[in-house]
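Note on naming: letters A, B, ... go to the chains in the order of the sequence lines (proteins, then strands), and numbering restarts at 1 for each one.
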2 protein chains.
Amino acid sequence: MTDVVTPPTSPVSRERSKEIKRLSVISTARQVRLLSRAELTELTGLSPATLTPLVRDLIAEGYLIERGPGASRAGRPRAMLEFNPRAELVAAVSLEPSRISCEIADSDGAVVAHRAVRLTGDIVDTICRSVPELAGDGLPALRGVAIAAPGVISGGAVRLAPSVGLIEGRPIGESVQRALGVPVVVDNDVNLMAAGEHAAGAGMDVADLLLLHVADGIGAGLVLDGQVRRGARGAAGEVGFLPLDPAGRGHDGIGPFEARWSENAIAERVVALAPGRRPDSPVRALVALAATDPRAAGYLDEVLHAWSRLIVSCVCVIDPGRVLLSGAAADLDDAAVDRLQGLVTAAVPSTTEVRRAVLGDRAVLHGAVSYALSAAAAGLPTLLPAP
Amino acid sequence: MTDVVTPPTSPVSRERSKEIKRLSVISTARQVRLLSRAELTELTGLSPATLTPLVRDLIAEGYLIERGPGASRAGRPRAMLEFNPRAELVAAVSLEPSRISCEIADSDGAVVAHRAVRLTGDIVDTICRSVPELAGDGLPALRGVAIAAPGVISGGAVRLAPSVGLIEGRPIGESVQRALGVPVVVDNDVNLMAAGEHAAGAGMDVADLLLLHVADGIGAGLVLDGQVRRGARGAAGEVGFLPLDPAGRGHDGIGPFEARWSENAIAERVVALAPGRRPDSPVRALVALAATDPRAAGYLDEVLHAWSRLIVSCVCVIDPGRVLLSGAAADLDDAAVDRLQGLVTAAVPSTTEVRRAVLGDRAVLHGAVSYALSAAAAGLPTLLPAP
DNA sequence: ACACTTCCTTCCTACGGCGAACGAATTAAA
DNA sequence: TTTAATTCGTTCGCCGTAGGAAGGAAGTGT
């Protein structure tokens with residue numbers, strides 16, 4: 001566990017093919033939750049004889065729990081096996097400007113423990129101390145760590161990236177990985193949200209989607225063919241820089257589009273329309289205002305037009321099929337979403353659904369879970385027969 | 001070969017793992033071209049004992065050719081094995097408005113035979129007759145067929161898609177696949193070009209790229225993480241529909257952007273600037289004119305600005321790292337490409353290279369070769385250890 | 001000519017997958 | 001209640017493949 005980086009033997013198979021079967025059983029069980037060995041034979045294609053010892057191992061390791069016999073029409077009843085989500089834990093670490101928040105979740109995305117730590121010393125140290133503490137005696141079940149950082153991760157513009165060390169995702173990830181001995185993924189928070197909605201939210205049923213996140217800036221997360229795509233330098237989804245608005249002027253690190261149409265920019269206009277304190281959700285406030293104030297309605301329509309041009313641009317480039325509105329954009333009401341859908345449909349060659357994201361704050365967590373679980377299974381894509 | 005769709009046995013391995021080793025040896029040999037068994041042990045991780053019979057088989061099947069002994073510093077000289085590109089043939093079929101052109105190529109992309117057939121009867125029939133004829137006695141080595149069709153393939157807008165039957169890629173592909181018994185891929189010509197440049201052209205050294213093809217319309221091909229990405233409905237890269245130009249008006253099947261900045265549109269302006277016949281290459285003509293005529297120089301700059309906005313849009317969404325100019329855009333001279341590069345760099349958060357595609361007409365062919373070869377290896381992604 | 005090095009092959013063993021037979025646990029029928 | 005029928009799960013044993021070890025092959029250097 002400490003040294004041997006490259007096991008000099010085991011080139012292709014034998015040990016490997018065993019692992020493949022293990023993983024195929026685990027992932028099947030994770031999906032179905034409660035099943036019998038007989039169902040496993042059908043779903044994985046493995047023979048019963050192969051499954052018997054394998055399932056025995058998995059029960060011993062806590063992945064599966066033997067439940068009572070299930071219903072049977074005729075013949076011996078199936079002995080049901082339940083997947084134990086607690087057998088695999090995942091840590092999701094979110095880097096925020098002055099603190100880090102850390103959550104331990106099981107493979108369902110259910111939070112087992114969480115804590116926020118003020119950022120004092122070295123980030124890597126803090127993470128490597130907090131995660132084991134928080135995991136407690138579940139530490140051996142830890143399968144991966146996902147670290148969410150704001151801004152562009154590897155290279156690219158340094159946008160919203162707080163202070164030192166965070167810009168380079170690699171060093172942090174590698175250090176933590178060495179210290180904790182489990183796979184670590186570092187990514188943009190928006191990318192994690194996209195992964196989360198894809199794994200457990202409004203994108204579960206599709207392989208391609210675009211998540212548009214409107215906050216202080218505007219960013220997009222991209223899922224194509226079932227995977228988050230980051231582009232060559234990790235700057236995919238930097239849609240705030242789109243040259244859609246001749247009037248928009250970007251400045252260091254802020255793109256021309258997001259300078260005019262981000263949540264901040266909208267908040268300023270909303271305050272001008274309805275003087276007072278800046279509302280918590282400028283978009284929701286604007287939608288409410290628009291019902292009575294024609295000027296607000298006009299401005300809302302401007303916003304929707306701007307966002308629709310943004311969406312149309314993305315759709316023309318990658319054809320995601322579905323666009324999820326996240327952050328401030330998720331505060332739109334049904335009528336406004338419909339309006340946006342209409343604007344997009346009119347301008348785009350391919351049919352595209354526009355809807356709200358559903359996970360909200362928990363999207364990052366679910367994304368982290370899905371990253372960490374797939375990192376554990378990395379390198380072993382399915383060789384199974386289609387059922 | 002005719003019936004058995006799902007082999008009821010063979011769930012995961014045994015037969016499979018043997019095939020994996022075969023393919024790993026073949027693909028290694030394809031890259032290295034001339035190597036010994038000893039090098040194969042290093043590169044594939046397979047033991048010499050495993051390789052001996054495997055290599056024997058491959059020699060018998062014609063994949064490898066035994067050459068004389070290689071140089072040796074000390075000890076027994078290595079018996080060199082040469083990869084035989086002719087062992088795997090590929091057919092590339094290009095559907096054009098009134099004819100189909102068909103090429104047989106080896107796995108280097110070297111054309112072994114080609115022919116153009118006027119389209120008379122059924123397309124599928126024509127293909128299924130032409131390919132075996134053209135392949136001749138090389139037919140058993142045929143590993144795949146790639147069919148390039150203009151326009152959007154599965155669903156999406158029907159753009160440039162000639163007449164009947166072509167719109168739906170699936171039926172044609174499946175029919176041909178059934179008839180010829182080899183994997184068939186049907187795709188957009190621009191996607192194939194992108195795959196070609198990625199496999200054998202200006203994108204060999206990168207995993208992500210965007211190919212911008214300017215012709216009658218404007219389309220882009222997208223390679224992300226080493227694969228062509230088509231989006232949910234196959235309409236990825238329909239960048240002619242980008243809402244970048246308030247003055248652009250699209251009409252049925254033509255996007256607003258390409259309506260103003262495609263090769264056709266440019267040709268009209270060039271004819272206006274220099275009355276006469278429409279030049280073969282309007283862009284090259286424009287570049288030449290711009291050297292002397294200030295109005296032409298101004299218009300060229302407009303075109304470059306427009307294209308740069310297009311590129312910037314794509315880059316913001318997917319961050320390809322490299323953009324290849326194809327079709328009419330490849331007719332720009334060095335100065336114009338530099339200018340374009342400058343415009344892009346100024347507007348984009350991530351560093352992006354802009355350069356010309358290098359394969360020209362042969363891009364589609366190379367793309368077809370790469371598709372067909374990877375279709376043959378499909379479902380068996382690398383499980384090999386990193387070297 | 002001899003040792004030495006490197007490459008390739010053959011022999012042999014160990015291990016895992018899966019077919020087949022068998023025991024187990026229930027329902028339906030006699 | 002006994003018997004048959006049915007479906008599940010397990011144990012046994014054959015087979016095939018992988019890869020270690022040892023040995024032959026074909027060179028180089030002294």
Side-chain angles (χ1 to χ4, degrees), chain A residues 7-25 29 32 34-60 64-82 383-385, chain B residues 7-25 29 32 34-60 64-82 383-385:
Chain A
T9 62
S10 93
V12 175
S13 63
R14 202 66 142 252
E15 294 85 358
R16 206 62 168 250
S17 75
K18 200 170 184 179
E19 204 180 348
I20 293 176
K21 290 185 199 51
R22 262 182 67 91
L23 286 171
S24 99
V25 170
V32 184
L34 188 66
L35 37 55
S36 68
R37 293 167 177 79
E39 288 173 83
L40 277 175
T41 29
E42 292 170 21
L43 295 173
T44 63
L46 300 168
S47 75
T50 310
L51 276 170
T52 293
L54 217 178
V55 167
R56 206 191 336 258
D57 288 354
L58 291 178
I59 290 177
L64 297 175
I65 302 173
E66 195 137 33
R67 297 296 182 200
S72 76
R73 287 208 182 289
R76 173 177 176 173
R78 336 185 122 178
M80 303 310 282
L81 303 167
E82 187 183 351
L383 319 180
L384 302 175
Chain B
T9 62
S10 94
V12 176
S13 61
R14 198 65 142 259
E15 297 83 359
R16 206 61 168 253
S17 76
K18 200 168 184 181
E19 204 180 348
I20 292 175
K21 290 185 200 49
R22 264 182 66 94
L23 286 171
S24 100
V25 170
V32 184
L34 188 66
L35 38 53
S36 69
R37 290 168 179 80
E39 288 172 83
L40 276 176
T41 30
E42 291 170 22
L43 294 172
T44 63
L46 299 168
S47 75
T50 309
L51 276 170
T52 294
L54 216 176
V55 168
R56 196 178 0 243
D57 288 354
L58 291 177
I59 290 175
L64 297 175
I65 302 172
E66 194 137 31
R67 297 296 181 199
S72 77
R73 289 213 178 287
R76 174 177 175 174
R78 338 187 121 178
M80 303 310 282
L81 303 167
E82 188 182 352
L383 317 181
L384 302 176

> How close or far is atom C1' of C:dC15 from atom CD of A:Glu19, stated in whole angstroms?
Replying inline: 17 Å
> Under 4.0 Å between a side-chain N or O of B:Arg56 and OP1 or OP2 of C:dT10?
Replying inline: yes
>> Rounding to an integer number of Å, can you tell me how far B:Leu46 CG sits from C:dT9 C1'?
In response: 16 Å
> Is the phosphate of C:dC15, meaning OP1 or OP2, less than 4.0 Å from a side-chain N or O of A:Lys18?
Replying inline: no
> What residues in residues 34-41 of chain B put a non-hydrogen atom under 4.0 Å from any atom of DNA chain C?
Replying inline: B:Ser36, B:Arg37, B:Ala38
>> Is any side-chain heavy atom of B:Ile59 closer than 4.5 Å to one of B:Glu66?
In response: yes
> Atom CG in B:Leu58, atom CG in B:Leu51: separation rounded to 0.5 Å?
Replying inline: 9.5 Å
> Has A:Thr50 got a side-chain N or O lying under 4.0 Å from the OP1 or OP2 atom of C:dC18?
Replying inline: yes
>> I want to verify a distance call: between D:dT10, D:dA18, C:dC8, whose nearest atom is closest to the A:Thr52 side chain?
In response: D:dT10
> Between atom NZ in B:Lys21 and atom C1' in D:dT17, what is the gap in whole Å?
Replying inline: 8 Å
> Just how far, in rounded Å, is P of D:dC8 from CZ of A:Arg78?
Replying inline: 4 Å
> Do B:Leu40 and B:Leu35 have side chains that get closer than 4.5 Å, going by heavy atoms?
Replying inline: yes
> When the distance from CG of A:Asp57 to C1' of C:dG16 is rounded to whole Å, what number comes out?
Replying inline: 13 Å
>> Distance check, rounded to the nearest 0.5 Å: A:Glu82 atom CD versus A:Met80 atom CE?
In response: 9.5 Å
> To the nearest angstrom, how far is A:Met80 atom CE from C:dA25 atom C1'?
Replying inline: 16 Å
> Can you check whether B:Ser36's main-chain N or O pairs, donor with acceptor, with B:Glu39's side chain at less than 3.5 Å?
Replying inline: yes
> Within this structure, what is the CD1-to-P distance between A:Ile59 and D:dG9, rounded to whole angstrom?
Replying inline: 11 Å
> Is the side chain of B:Thr52 donor-acceptor paired with the backbone N or O of B:Ala49 at a distance under 3.5 Å, no angle test?
Replying inline: no
> Between atom NZ of B:Lys21 and atom CG of B:Leu54, what is the distance when rounded to the nearest 0.5 Å?
Replying inline: 8.0 Å
>> Starting the side chain at C-beta, find the nucleotide from D:dG20, D:dG27, C:dC18 nearest to B:Pro77.
In response: D:dG27
>> Could you tell me how far apart A:Arg76 (CZ) and C:dA28 (P) are, to the nearest whole angstrom?
In response: 18 Å
